[in-house]
Participant: 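Sharing a structure, written as structure tokens. Questions coming.
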Protein chains: 2
Amino acid sequence: MSTSTVNPELVKARTQATFDPLQLTYFLYDGPEKTKRKRYLQNIAIKECEEQGFKRSAELTREEQYEQAIRKTTYTYKRIVELGLKDPVELYMFKEPIFPSESSPFGLHESMFLPTLQKQGTDTQRQKWVPLAKQYGVLGTYAQTELGHGTFLRGLETTATYDVKTKEFIINTPTITASKFWPGGLGKTSNHCVVMAKLILAGKDYGMQSFIVPIRDVQTHQPLPGVTVGDIGQKFGYGAMDNGFLRLDNVRIPRENMLMRYAQVLEDGTFVSPKNDKLVYGSMTLIRAQIVGGTARGLAKAVTIATRYSAVRKQSEIVPGAGEVAVLEFQTQQHKLLVQIASAYALSVAGRASLAAYTRVSAQIESGALEELPILHALSAVLKAFSSWEMAYGIEQCRMACGGHGYMLASGLPKIYAHEVPACTYEGENVVLCLQTARFLVKCQDAVNNGEKVPSFVSYLKKPKNVQSQLSDKIDLKQLIEAYEHRAGRMIAEATERIKSQLSKGLKPAEAWNESSQMLLEASLAFGHAFVVRAFIETVVSAKLEPSLASVMTQLCELYALNGINKYSGQFAKGGYFNDRQLELMESRVYDLLAALKPNAVALVDAFDFPDLVLDSDLGRYDGNVYEALMKYAERSKLNESEVHEAFYKYQKPFVDYMKSVQSKL
Amino acid sequence: MSTSTVNPELVKARTQATFDPLQLTYFLYDGPEKTKRKRYLQNIAIKECEEQGFKRSAELTREEQYEQAIRKTTYTYKRIVELGLKDPVELYMFKEPIFPSESSPFGLHESMFLPTLQKQGTDTQRQKWVPLAKQYGVLGTYAQTELGHGTFLRGLETTATYDVKTKEFIINTPTITASKFWPGGLGKTSNHCVVMAKLILAGKDYGMQSFIVPIRDVQTHQPLPGVTVGDIGQKFGYGAMDNGFLRLDNVRIPRENMLMRYAQVLEDGTFVSPKNDKLVYGSMTLIRAQIVGGTARGLAKAVTIATRYSAVRKQSEIVPGAGEVAVLEFQTQQHKLLVQIASAYALSVAGRASLAAYTRVSAQIESGALEELPILHALSAVLKAFSSWEMAYGIEQCRMACGGHGYMLASGLPKIYAHEVPACTYEGENVVLCLQTARFLVKCQDAVNNGEKVPSFVSYLKKPKNVQSQLSDKIDLKQLIEAYEHRAGRMIAEATERIKSQLSKGLKPAEAWNESSQMLLEASLAFGHAFVVRAFIETVVSAKLEPSLASVMTQLCELYALNGINKYSGQFAKGGYFNDRQLELMESRVYDLLAALKPNAVALVDAFDFPDLVLDSDLGRYDGNVYEALMKYAERSKLNESEVHEAFYKYQKPFVDYMKSVQSKL
């Protein structure tokens with residue numbers, strides 16, 4: 001990244017930094033070697049994107065976005081073979097600049113179709129299907145959600161009825177609401193599909209199973225008989241992705257197309273139960289753990305754009321007559337941005353902690369120990385919800401922090417928001433997930449109440465609630481962790497109490513649960529928040545950072561924790577845990593931290609090390625030359641292809657003539 | 001609205017209502033007569049939209065949206081002449097179904113260009129320009145914002161230099177950042193423009209003035225010499241609007257094109273100062289007051305969609321085995337939606353209160369009394385900010401409450417969000433506006449501290465801060481108003497104190513202000529919030545509503561007020577104003593209110609009386625037949641125009657062939 005033509009305001013902002021952002025980049029990307037490799041791969045991708053002449057999605061129609069996505073995808077996978085890339089992190093880094101906050105229609109093939117074959121297929125099935133899928137001749141997606149059904153698996157209507165005579169399953173979507181709806185890549189791209197359907201054997205329902213259903217001819221790509229498939233139309237974002245619908249009219253597939261590693265259907269129609277049905281949780285928790293890291297990256301992109309822009313955008317004077325200053329000089333702007341920078345780092349750390357927990361528990365599961373699976377599930381569920389909500393809110397804060405220009409697609413921010421916000425909904429709707437975690441937490445609370453053991457990371461449930469924080473002028477990070485855990489513990493205890501009080505009114509357990517669910521939701525989020533705060537602080541404290549960097553990261557931890565306390569001060573202070581004096585101290589400390597961190601704001605976002613192509617933003621450019629870029633974007637608008645738009649001749653001129661004629665008659 | 005084919009779930013939900021929604025509709029639209037007229041006009045518009053075959057923007061490209069918008073606009077204005085519509089409310093109602101959460105490229109002509117001519121033009125200027133503008137031969141917009149400059153008027157770079165020899169102004173945008181940028185209708189539609197430019201007379205800067213600048217030939221519509229004009233490209237929303245850029249290269253206009261009702265430039269270049277320069281505030285406060293009402297309507301649309309959908313969408317069981325229930329049965333969903341319903345009604349009332357204040361003060365101004373102008377300005381500024389932020393947050397809550405389907409453009413929700421959220425930025429960026437109000441509030445606080453008089457609606461600043469709420473089991477709405485005013489009063493006092501403490505550290509006043517601005521921002525919002533709560537409660541209590549309706553509306557007031565207290569409980573409880581027992585009481589009361597209001601949720605949104613065409617949503621349909629509509633939308637996707645997309649032949653098939661050939665070589 002050359003600095004020769006960099007906007008002087010950004011140069012100035014960068015020279016103010018008190019630490020070397022490269023050291024922080026190393027922290028984020030696991031050291032100098034991996035950082036170097038990341039940059040190497042991304043530079044290849046950037047160069048090739050330019051050579052290929054890929055266009056910005058901000059200048060394309062939705063249909064053009066899809067076509068370019070197929071072009072980009074096929075190009076990329078070819079190059080991946082040629083470059084011999086295998087490591088998931090390296091694949092991610094190579095793809096990132098090619099698909100900047102964009103989806104690939106092959107995405108579900110990679111993330112769901114292939115892994116499902118590998119995990120749920122028998123050896124024979126894997127031998128048959130995996131090689132075909134790996135060379136993309138069989139291209140698949142994963143179809144669970146139906147037009148009328150989402151979260152609640154047992155509510156799905158699609159059926160797979162076994163015909164013992166022909167040894168086939170008859171897959172059917174009997175109603176309009178049974179139509180599969182939403183799977184990525186289903187509309188136009190895939191020729192196969194893993195379909196979740198209710199298994200029916202001799203008229204009896206055996207619950208959900210997975211089936212490989214061919215939907216298009218692998219040669220001609222035409223839909224097969226009985227298959228109606230198509231794209232679902234325009235969405236908020238995801239323009240490049242052909243999310244699809246699928247209706248199956250008694251489509252027959254061989255018995256061997258049921259994925260039978262666990263449950264099986266024998267030739268004669270006998271059902272063989274799986275030995276353990278909890279293993280399916282594994283892949284869901286992995287995906288959720290990955291989402292946490294993804295939310296951090298989404299927010300980091302947005303705040304990089306907004307922070308750099310705020311360093312070059314001049315607007316209004318602080319001291320009258322002293323000239324306009326960069327908007328980053330305003331305390332309110334610092335508050336908006338630094339809080340989001342802190343959040344992006346916190347979520348990044350939480351994402352890693354979440355993945356580490358997955359890896360640790362996975363190893364246990366492989367060796368047959370399933371004890372920690374519920375803990376892992378509870379943790380990954382709430383972290384996915386907490387992080388995606390924080391991110392979605394944060395990205396929009398960043399967009400609005402860029403004023404009107406943030407509203408242009410050229411800013412990159414609308415695309416980032418529309419691309420990332422579905423994380424609040426997919427892979428488990430956030431409220432549903434929080435309540436799943438709450439169910440685990442209530443069990444833990446009951447265990448505490450009964451004097452039983454609980455997992456170590458909720459051991460704070462055992463602590464007394466009628467205590468006061470010892471926080472004083474010299475704020476200690478440990479006291480902030482304690483505060484978060486106190487708040488979570490109190491809220492979990494109170495939500496559990498509410499269930500009991502509802503039961504005592506005569507409600508059924510399920511009704512009492514529902515009548516307590518808003519409190520449970522909030523308690524669950526407080527638990528997730530406490531986990532993130534602890535992970536962030538402990539990681540920063542234990543990392544071997546250079547003193548100049550350690551000091552900045554500690555400030556960031558403190559800002560993150562204090563901002564949450566200010567925001568939810570009532571929840572923290574309840575029961576006299578904090579007094580007014582302490583609350584004022586913490587509020588005032590936030591303002592000190594904003595002033596202290598402001599000179600490092602640009603360095604903190606530079607450290608995320610996003611190439612310009614990944615940000616895809618005229619406002620977030622490393623060189624800060626935003627206005628020239630915006631004007632060029634404007635000039636390329638399709639409406640500018642002619643000086644006078646057709647609509648003038650077709651409608652505007654005849655209208656003006658009409659108005660004149662009416663006027664002259666009066 | 002026929003109920004013959006209505007989804008039975010919605011029929012059931014409607015029969016549960018304890019009040020007649022039509023009575024509430026009358027409350028919203030000022031009685032039965034005006035409601036009847038509103039429906040009459042909207043039905044005409046709906047019928048004609050169908051006859052004209054206007055398409056949904058969710059199925060159009062951005063360029064098609066623009067072309068259709070010109071077609072719609074010219075059609076509409078023709079019909080307005082034919083129908084003889086003049087009343088602003090009637091015009092609004094007639095246009096609403098034709099432009100559902102969409103802009104018209106003539107919008108700025110109506111809302112800014114014409115009013116500016118009328119208010120700032122001399123009698124001669126008005127006689128010349130207004131008739132031309134009224135028959136649309138002269139079609140204009142209002143260009144203030146520049147690429148590099150927004151809020152800070154003195155920062156604008158465009159110049160208007162008087163040439164005494166030719167008696168012309170030379171209008172020039174000397175740099176790229178001086179380019180006018182963003183005005184609606186500027187890109188392709190307008191042939192004139194009111195340009196804000198720095199008046200230069202004999203080398204001296206006389207500040208901002210307004211000039212009528214012809215930019216396109218009225219006959220050929222070609223840009224005039226020295227004019228570079230075009231569309232700024234794709235945005236988050238506003239696809240139908242040609243927001244534009246404009247560069248003026250020493251364009252000459254006659255002296256008579258400066259709007260001279262106030263300031264004047266004589267033939268010889270003498271500047272004549274205006275008598276009063278505060279009058280310009282008038283139109284800004286009107287627009288902001290109108291925005292408040294607009295935010296209410298935007299949120300009302302979103303919550304209508306989400307509530308109706310939640311009554312028909314079944315998902316998961318509450319009691320295991322008892323069957324899936326409508327998602328509206330879940331407490332968390334009730335919380336999401338009822339809070340937003342309450343907010344939509346509260347903002348609607350605040351919008352009216354804001355307009356009433358404008359009308360009252362306007363009359364005073366006409367008669368020369370300017371005392372209340374600063375109060376009106378302060379109130380309209382914070383209400384615009386408060387309401388637009390509440391709305392933006394609320395619309396996204398509603399969208400996400402519809403799960404994945406809310407993400408489809410067919411849901412209408414992304415369009416509503418993208419169309420409404422700019423209200424946080426335009427007509428004064430929200431943070432800037434809140435701080436303007438804060439400046440007024442700090443003055444009031446200083447007056448209180450000095451024992452001087454303050455306007456009645458901030459008289460609570462005089463109340464002591466070390467008091468406790470008397471709130472008990474029987475919650476009284478007056479106590480809730482008191483609580484909000486106590487909180488606002490305390491926060492304003494504390495922010496004022498912070499400024500003083502910063503001054504005492506040796507900071508300059510402007511720096512002390514900046515160092516206190518986050519607190520000032522929050523105090524300002526607390527002031528706005530208190531105003532809305534009081535207006536909502538007082539309006540409902542004083543309205544002559546039928547008892548069944550009054551009871552529901554009172555519950556809605558209570559929910560609105562209590563939800564805010566729960567959310568910001570720390571701000572309310574500080575200084576011991578509320579104790580834990582009172583806080584718990586209020587939290588628990590919210591859950592009771594959710595249960596009490598749930599049966600009325602659908603009736604409460606039906607009462608907004610939005611025709612389906614205004615909602616433009618497959619999820620929000622009055623008949624609740626959402627799935628058929630979604631599937632039809634999907635089938636019409638442009639990607640479905642061919643069974644096999646071109647991208648398959650161009651990229652996917654060659655790629656698969658390549659991968660096979662590579663594989664076979666291994």
Side-chain angles (χ1 to χ4, degrees), chain A residues 58 61 63 67 70-71 74 135-137 147-148 152 155 176-177 182 188 221 230-236 245 315-316 318-319 324 331-332 335 400 404 407-409 414 424-425 431 510 514 517-518 521 569-570 573-574 580 627 633-634 637-640 644-645 647-648 651 655-656 659 663, chain B residues 58 61 63 67 70-71 74 135-137 147-148 152 155 176-177 182 188 221 230-236 245 315-316 318-319 324 331-332 335 400 404 407-409 414 424-425 431 510 514 517-518 521 569-570 573-574 580 627 633-634 637-640 644-645 647-648 651 655-656 659 663:
Chain A
T61 66
E63 293 73 30
E67 180 165 335
I70 294 289
R71 192 180 148 219
T74 52
Q135 66 189 43
Y136 304 92
L147 181 55
F152 187 66
I176 185 172
T177 47
W182 272 111
K188 309 306 287 182
H221 211 57
D231 174 76
I232 63 168
Q234 292 199 61
K235 295 145 292 186
F236 202 8
F245 67 85
Q315 183 76 64
S316 300
I318 290 178
V319 177
E324 290 189 89
Q331 191 192 48
T332 47
H335 190 268
M400 290 196 258
Y407 191 71
M408 292 181 75
L409 292 197
C424 300
T425 308
V431 173
N514 188 34
S517 55
Q518 184 63 29
L521 166 64
S569 58
K574 201 176 167 190
D580 285 354
Y627 297 120
Y633 175 80
S637 168
K638 283 183 191 167
L639 285 186
N640 297 333
V644 179
H645 194 275
F648 174 77
Y651 307 114
F655 165 72
V656 172
M659 292 299 285
Q663 209 69 20
Chain B
T61 65
E63 293 74 31
E67 179 164 336
I70 295 288
R71 190 177 150 220
T74 51
Q135 65 189 40
Y136 303 92
L147 180 56
F152 187 66
I176 186 172
T177 46
W182 272 112
K188 309 306 287 183
H221 211 58
D231 175 75
I232 64 168
Q234 293 199 61
K235 295 145 293 186
F236 203 9
F245 66 86
Q315 182 77 62
S316 300
I318 290 179
V319 177
E324 290 188 89
Q331 190 192 48
T332 48
H335 190 269
M400 290 195 258
Y407 192 72
M408 295 181 73
L409 291 197
C424 299
T425 308
V431 173
N514 188 32
S517 56
Q518 184 63 29
L521 167 63
S569 59
K574 201 176 166 191
D580 284 353
Y627 297 120
Y633 175 81
S637 168
K638 283 182 192 169
L639 285 186
N640 296 333
V644 179
H645 193 276
F648 174 77
Y651 307 112
F655 165 72
V656 172
M659 291 299 285
Q663 209 68 20

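This structure is a prediction, so every number in the text was calculated from the model and none was measured. To find a chain, count down the sequence lines: A is the first, B the second, and so on, and within it residues start at 1.
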Participant: Once you measure the plane-to-plane angle for Y136(A) and F655(B), does it fall in the parallel (<30°), tilted (30-60°) or perpendicular (>60°) bin?
Facilitator: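 The rings of Y136(A) and F655(B) sit tilted, inter-plane angle from 30° to 60°.
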Participant: Sort T425(A) into side chain, backbone, both or neither according to what part of it lies under 4.5 angstrom from a heavy atom of chain B.
Facilitator: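 The side chain, not the backbone.
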Participant: Looking at side-chain heavy atoms only, is the closest gap between Q135(B) and V656(A) below 4.5 Å?
Facilitator: no
Participant: Rounded to the nearest 0.5 Å, how far does OG of S637(A) lie from CD of E63(B)?
Facilitator: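 Going from CD on E63(B) over to OG on S637(A), the span is 6.5 Å.
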Participant: Output the distance between atom OH (Y651(B)) and atom CD1 (I70(A)), rounded to the nearest 0.5 Å.
Facilitator: 10.0 Å
Participant: Looking only at atom types and distance, does a side-chain atom of N640(A) sit under 3.5 Å from a main-chain N or O of D231(B), one as donor and one as acceptor?
Facilitator: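 The answer is yes, because a donor-acceptor pair under 3.5 Å joins these two groups.
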Participant: Under 4.5 Å from any heavy atom of chain B, what part of V431(A) do you find: side chain, backbone, both or neither?
Facilitator: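 Side chain only.
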Participant: Between Y633(B) (side chain) and Q234(A) (backbone), is there a donor-acceptor pair under 3.5 Å?
Facilitator: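 Flag set: sc Y633(B) to bb Q234(A) pair under 3.5 Å.
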Participant: Work out which heavy atom in I318(B) is nearest to a heavy atom in A510(A); give both atom names and the distance.
Facilitator: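 Reported closest heavy-atom pair: O-CB, 2.9 Å.
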Participant: Would you please classify the geometry between the W182(B) ring and the Y407(A) ring as parallel, tilted or perpendicular, with 30° and 60° separating the classes?
Facilitator: tilted
Participant: Return the set of residues passing ring-ring contact (aromatic ring centres under 6.0 Å, His included) with H335(B) (not counting sequence neighbours), or none when no residue passes.
Facilitator: none
Participant: Quick check against the 3.5 Å criterion: does N514(A) have a side-chain atom that pairs as donor or acceptor with the backbone of Q331(B)?
Facilitator: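 Indeed, once roles are kept as given, a pair shorter than 3.5 Å links the two residues.
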